[in-house]
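Remarks on the structure that follows.
For the single chain, residues carry numbers from 1 onward in sequence order. Quick caveat: nothing in here was measured; it's all calculated off a predicted structure.
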Amino acid sequence: MKVKFVLTMDDVVVEDRKIDQIIMDWESEVDQQDILEVSHQWITTQNFLTQRMVGLMRVGESSLTIEPLEE
């Protein structure tokens, strides 16, 4: 299934630089199980983003939207 991910991060600190907002979006081919795993990790893992992004030191608020794309 092809899906679109949209990651929004507010009040971010990257390598000691403060940024009000970062929005990233990308499309990917994933199966339902992958979506469930990402969603579960997002909800249950503290510091999910800072553990995965080099230089990211702090995120105030964040959201991840996953939308199916019609082909």
Side-chain angles (χ1 to χ4, degrees):
M1 162 183 3
K2 191 167 189 170
V3 296
K4 180 177 182 178
F5 293 88
V6 179
L7 173 61
T8 303
M9 298 179 287
D10 296 322
D11 194 21
V12 178
V13 177
V14 178
E15 295 181 349
D16 294 322
R17 181 176 175 203
K18 293 181 182 180
I19 302 170
D20 291 332
Q21 186 177 63
I22 297 173
I23 300 173
M24 295 186 286
D25 66 83
W26 67 97
E27 296 177 7
S28 184
E29 190 72 36
V30 296
D31 62 32
Q32 187 68 27
Q33 185 62 35
D34 291 337
I35 293 171
L36 292 174
E37 288 176 18
V38 168
S39 298
H40 176 74
Q41 289 178 348
W42 178 265
I43 292 168
T44 61
T45 306
Q46 187 176 17
N47 300 323
F48 181 82
L49 295 171
T50 55
Q51 293 174 6
R52 288 164 177 75
M53 294 184 177
V54 174
L56 182 63
M57 301 169 77
R58 186 175 86 77
V59 177
E61 295 286 326
S62 62
S63 67
L64 177 64
T65 304
I66 305 169
E67 301 174 356
L69 295 176
E70 296 191 298
E71 297 183 22

Qualifying residues under salt bridge (charged side-chain N to carboxylate O under 4.0 Å, His left out), relative to Glu27, sequence neighbours excluded: Lys2
Partner residues of Gln33 under the side-chain contact (heavy atoms from CB on, under 4.5 Å) criterion, sequence neighbours left out: Asp31, Leu36, Glu37
Pair Leu7-Met53, side chain to side chain contact (heavy atoms under 4.5 Å, CB included): steps then yes or no: CA-CA 13 Å; Leu7 173 61; Met53 294 184 177; 3.6 Å; yes
ILVMFWY network linking Val14 to Leu49, side-chain heavy atoms under 4.5 angstrom: yes
Cluster companions of Ile23 among Ile, Leu, Val, Met, Phe, Trp, Tyr (side-chain spacing under 4.5 Å): Val6
Shared hydrophobic cluster, Val30 / Met1 (ILVMFWY, side-chain heavy atoms < 4.5 Å): yes
Pairs involving residues 17-26, ordered by first then second residue, that meet side-chain hydrogen bond (donor to acceptor under 3.5 Å, both in side chains) (sequence neighbours left out): Asp10-Gln21
Interatomic distance, Ile22 atom CD1 to Leu56 atom CG [nearest 0.5 angstrom]: 7.0 Å
Distance (rounded to the nearest 0.5 Å) between Ile66 CD1 and Lys4 NZ: 13.5 Å
Only pairs under 3.5 Å count here: list side-chain donor-acceptor contacts from residues 38-48, not counting sequence neighbours, and write none if there are none.
residue : atom : partner : partner atom : Å
Ser39   : OG   : Ile35   : O            : 2.9
Thr44   : OG1  : His40   : O            : 2.8
Thr45   : OG1  : Gln41   : O            : 3.1

In one Ile/Leu/Val/Met/Phe/Trp/Tyr side-chain cluster, 4.5 Å: Ile19, Val54: no
Residue pairs fulfilling side-chain hydrogen bond (donor to acceptor under 3.5 Å, both in side chains) with at least one residue in residues 51-64, sequence neighbours excluded: Asp11-Arg58
